[in-house]
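What follows is one structure encoded as structure tokens, with my remarks underneath.
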Amino acid sequence: MRSFVVARDNMLGNVVQLSMAGVPMMDIVKGMRAKFIEITAYVKNREDIKKLEVDLAAAVRNPGEYKKI
């Protein structure tokens, strides 16, 4: 729950800073949406990589398992 509060406060702070710098609100919203999509894809890719690393480590003990990866 705490990390959500930190992320929310960080996001609000970013919006305030950008709006004070004269960035239009619509551009801020579009940019935040695009970055959220990128972050989501990054997290999914990291999870996939970790799973593959675990599978590879398990397959080292059994060479026949390499073909499955």
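Computed from heavy atoms alone, side chains included, the values below leave out hydrogens, waters and symmetry copies. Only a predicted model underlies this, so the values are computations on that prediction, with no experimental measurement involved.
- Within the 4.5 Å cutoff, the side chain of E38 has heavy atoms near those of the K35 side chain.
- Between atom NZ of residue K44 and atom CD1 of residue I49 there is a gap of 10.5 Å, rounded to the nearest 0.5 Å.
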Residue pair Q17, V23: steps toward the side-chain contact (heavy atoms from CB on, under 4.5 Å) verdict: CA-CA 9 Å; Q17 289 290 322; V23 178; over 6 Å; no
Working for salt bridge (Lys or Arg N to Asp or Glu O under 4.0 Å), residues K50 and E47: CA-CA 5 Å; K50 284 293 184 187; E47 290 172 355; over 6 Å; no
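- Hydrophobic clustering (side-chain heavy atoms under 4.5 Å, transitive across Ile, Leu, Val, Met, Phe, Trp, Tyr) groups M11 together with I28.
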From CA spacing to verdict: side-chain contact (heavy atoms from CB on, under 4.5 Å), M25, L18: CA-CA 8 Å; M25 188 56 69; L18 289 168; over 6 Å; no
Trace of the side-chain contact (heavy atoms from CB on, under 4.5 Å) decision for R8 with V5: CA-CA 5 Å; R8 182 200 64 204; V5 172; 3.7 Å; yes
